[in-house]
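Count residues from 1 along the sequence. Please read all numbers here as calculations on a predicted model, not as lab measurements.
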Amino acid sequence: MEILYKHNKKAYENVKESFEKNDRTCIVHATGTGKSFIALQLILDYLKENPNHRICYITPLNGILEQTQEYIDALGLSHDIFKKVDFVTYSSLIRKSRRELESLKANMLILDEFHHIGAREWTAAVNKIIDSHPGIKVFGMSATSVRCRGKALEEDVAETFFEGNVASRYDLAQAMADGVLPALEYHAATSFLEEECRDLEEKIETGKATEEEKNEYRQILKEVRRQISTMQTEDTTDIVKKYIKEKGKYIYFCPKSGDTVESINAVQQNFLEMLPEEIKNNVETYMVHSSIRTFAENKRIRYNFLNNIDDNSHDVSNKLRIMFSVDMYN
């Protein structure tokens with residue numbers, strides 16, 4: 001069964017060719033270009049050729065597993081085939097004992113968002129599986145191969161783990177140039193920078209630096225604020241009022257620090273207060289969370305959001321719809 005987009009067919013052929021020479025290979029493709037479909041095509045073809053084998057599909061978040069399962073259902077793929085695929089998260093692997101990892105029945109590993117395995121615990125768990133399964137194939141996919149970019153721990157996982165075996169690269173700029181993804185519009189607001197300045201000011205005043213050092217830091221911060229004041233950016237409220245459409249549909253990615261329903265409610269309220277008056281009373285909100293909501297709850301809420309319905313299955317397509325997301329779908 002052929003399920004690939006046209007632009008991914010060549011990448012998939014490259015993956016198969018790479019596996020003829022190596023046990024490990026990966027692709028680095030921009031988000032939204034169909035990496036998951038390459039993985040699903042690989043599963044279908046591999047298990048057709050090796051019906052007695054099993055595959056372990058590993059992702060960093062349950063939300064990605066949920067989305068992959070929805071692709072399988074939407075494409076009408078045989079559930080009998082996917083009974084031979086174990087879908088797990090990296091974090092669930094590190095909770096397993098060495099014996100459990102070594103006894104895992106897998107002939108192929110699929111590592112989604114593979115740059116995450118640069119993390120020591122996750123790499124160790126994956127390596128225990130590989131070391132105890134001679135000849136196992138490993139396929140990785142991610143929008144970036146670099147972990148901790150710009151920091152002391154920066155690592156190109158495609159080089160260190162996949163030994164430079166990158167079957168295909170397809171970056172965001174090329175995807176937009178090809179029309180595979182739409183050109184993005186970015187709108188920046190100074191409020192975030194001003195919050196950062198306030199945080200820095202508090203650190204200066206409460207820190208253990210000498211008064212002479214504090215005066216030096218104050219002058220630097222004063223210059224930063226001067227430069228911010230000259231930037232040609234809009235206020236957050238202006239951006240919301242200008243670009244949010246009355247019957248539009250949006251995802252609001254919340255900070256990971258939002259670890260309670262109350263904190264997310266505060267974020268929601270803050271956003272709703274920025275809306276034009278004529279919209280405020282015609283809004284449907286949704287909230288998904290990677291840790292304080294169950295897999296089933298997140299799946300139901302995501303389904304409602306995608307299908308423009310509320311909890312009572314009423315049509316809300318004539319409303320402004322906003323899903324507040326914490327550590328999911330980003």
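Rounding to the nearest 0.5 Å places OG1 of Thr25 at 10.5 Å from CD of Glu17. Atom CD1 of Ile3 is separated from atom CG of Leu44 by 5.5 Å, given to the nearest 0.5 angstrom. For the atom pair Lys9 NZ and Asn14 CG, the distance stands at 14.5 Å (nearest 0.5 Å). Atom CD1 of residue Ile301 and atom OG1 of residue Thr285 lie 10.0 Å apart, to the nearest 0.5 angstrom. Rounding to the nearest 0.5 angstrom, the gap separating the OG atom in Ser168 from the NE2 atom in His29 is 2.5 Å. We find the NE2-NZ distance between His133 and Lys105 to be 10.0 Å, quoted to the nearest 0.5 Å.
Residues Glu201 and Arg198 are not paired through a salt bridge, judged by the lack of any N-O separation under 4.0 Å between the basic side chain and the carboxylate. A salt bridge does not link Lys319 to Asp310: none of the charged side-chain nitrogens sits closer than 4.0 Å to a carboxylate oxygen. The pair Glu284-Arg321 does not meet the salt-bridge criterion, since no charged nitrogen lies less than 4.0 angstrom from a carboxylate oxygen. Ion pairing between a basic and an acidic side chain is recognised when a charged N comes within 4.0 Å of a carboxylate O; Asp80 and Lys83 show such pairing. By the 4.0 Å N-to-carboxylate-O rule, Arg99 lies too far from Glu102 to be salt-bridged with it. Using a 4.0 Å cut-off between a side-chain N of Lys or Arg and a carboxylate O of Asp or Glu, Lys214 and Glu211 do not qualify as a salt bridge.
Between Met141 and Ile110, the closest side-chain pair of non-hydrogen atoms falls below 4.5 Å. In this structure the side chain of Tyr57 reaches within 4.5 angstrom of the side chain of Asp112, judged on heavy atoms. Arg218 places a side-chain heavy atom less than 4.5 Å from the side chain of Asn215. Gln174 has its side chain out of reach of Arg169: every pair of non-hydrogen atoms, C-beta onward, lies at least 4.5 Å apart. Side-chain contact between Ile58 and Leu93 is present, with at least one heavy-atom pair separated by less than 4.5 Å. Side-chain contact between Phe253 and Asp327 is absent, with no heavy-atom pair separated by less than 4.5 Å. Considering only heavy atoms from C-beta on, Arg226 stays 4.5 Å or farther from Lys222 through its side chain. Side-chain contact between Arg300 and Asp311: present, with at least one pair of heavy atoms (C-beta onward) separated by less than 4.5 Å.
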Take Arg24 and Ile130, measure what side-chain contact (heavy atoms from CB on, under 4.5 Å) needs, and give me the verdict at the end. CA-CA 11 Å; Arg24 304 185 190 188; Ile130 294 172; 3.9 Å; yes
Given the rule in the side-chain contact (heavy atoms from CB on, under 4.5 Å) test, do Val126 and Leu101 qualify, once you have shown the distances and angles that lead to the verdict? CA-CA 8 Å; Val126 171; Leu101 292 172; over 6 Å; no
Run the numbers on Glu277 and Lys280 for salt bridge (charged side-chain N to carboxylate O under 4.0 Å, His left out), then give the verdict. CA-CA 5 Å; Glu277 289 298 325; Lys280 286 183 178 180; 3.0 Å; yes
Are Val288 and Phe324 close enough, and set up right, to give a side-chain contact (heavy atoms from CB on, under 4.5 Å), and what steps lead you there? CA-CA 6 Å; Val288 292; Phe324 294 85; over 6 Å; no
When you look at Val146 and Glu154, which way does the side-chain contact (heavy atoms from CB on, under 4.5 Å) test go after all the steps? CA-CA 7 Å; Val146 179; Glu154 179 174 313; 3.7 Å; yes
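With Asn308 contributing its side chain and Asp315 its backbone, the two residues share no donor-acceptor pair below 3.5 Å. No side-chain donor-acceptor contact under 3.5 Å links Asp178 to the backbone of Val180. Judged by distance alone, the side chain of Asn304 and the main-chain N or O of Ser313 form no donor-acceptor pair under 3.5 Å. For the pair Ser92 (side chain) and Val88 (backbone), a donor-acceptor distance under 3.5 Å is absent. Remark: side-chain polar atoms of Glu213 are paired, donor with acceptor, to backbone N or O of Thr210 under 3.5 angstrom. Judged by distance alone, the side chain of Ser142 and the main-chain N or O of Ser145 form no donor-acceptor pair under 3.5 Å. Of the possible polar contacts, none joining the Lys84 side chain to the His53 backbone as a donor-acceptor pair under 3.5 Å is found.
Taking hydrophobic clusters as Ile, Leu, Val, Met, Phe, Trp and Tyr residues chained together by side-chain heavy-atom distances below 4.5 Å, Phe82 shares a cluster with Leu4. There is a path of hydrophobic side-chain contacts, each under 4.5 Å, that joins Leu77 to Ile43. Under a hydrophobic-cluster definition in which Ile, Leu, Val, Met, Phe, Trp and Tyr are linked whenever side-chain heavy atoms come within less than 4.5 Å, directly or via other members, Tyr71 and Ile55 are assigned to the same cluster. The hydrophobic clustering, which links ILVMFWY residues whose side-chain heavy atoms are closer than 4.5 Å, places Tyr250 and Leu275 together. Ile309 and Tyr286 are not part of a single hydrophobic cluster, where members link through side-chain heavy atoms under 4.5 Å apart.
The shortest non-hydrogen separation linking Leu75 to Leu40 is CD1-CD1, 4.2 Å. When all heavy atoms of Met176 and Leu184 are compared, the closest pair comes out as SD-N, 3.7 Å. Cys197 approaches Val224 most closely through the heavy-atom pair SG-CG1, 4.1 Å. Here the closest non-hydrogen pair linking Lys35 and Ala30 is NZ-O, 3.5 Å. When every heavy atom of Gln41 is checked against every heavy atom of Tyr12, the shortest pair comes out as O-OH, 3.4 Å. Across all their heavy atoms, Tyr170 and Ala175 have their closest contact at OH-CA, 3.6 Å.
Between Phe37 and Tyr5, the ring planes lie perpendicular to each other; the angle is over 60°, past the 30° to 60° tilted range. Taking the six-membered ring where tryptophan is involved, the planes of Phe162 and Phe114 are perpendicular, since the angle between them exceeds 60° and thus also 30°.
Side-chain contact, Thr33 with His7: no donor N or O sits under 3.5 Å from an acceptor N or O. Side-chain contact, His116 with Tyr90: no donor N or O sits under 3.5 Å from an acceptor N or O.
Environment of OH in Tyr303: sparse, with no more than 12 heavy atoms of neighbouring residues, nucleotides or ligands closer than 6.0 Å. Residue Glu278 places its CD atom among more than 12 non-hydrogen atoms of other residues, nucleotides or ligands, all under 6.0 Å distant. Shown here is Glu223, whose CD atom has more than 12 heavy atoms of other residues, nucleotides or ligands within 6.0 Å.
Remark: Lys249 is positioned above the aromatic ring of Phe305, its terminal NZ or CZ atom under 6.0 angstrom from the ring centre and at most 45 degrees off the axis.
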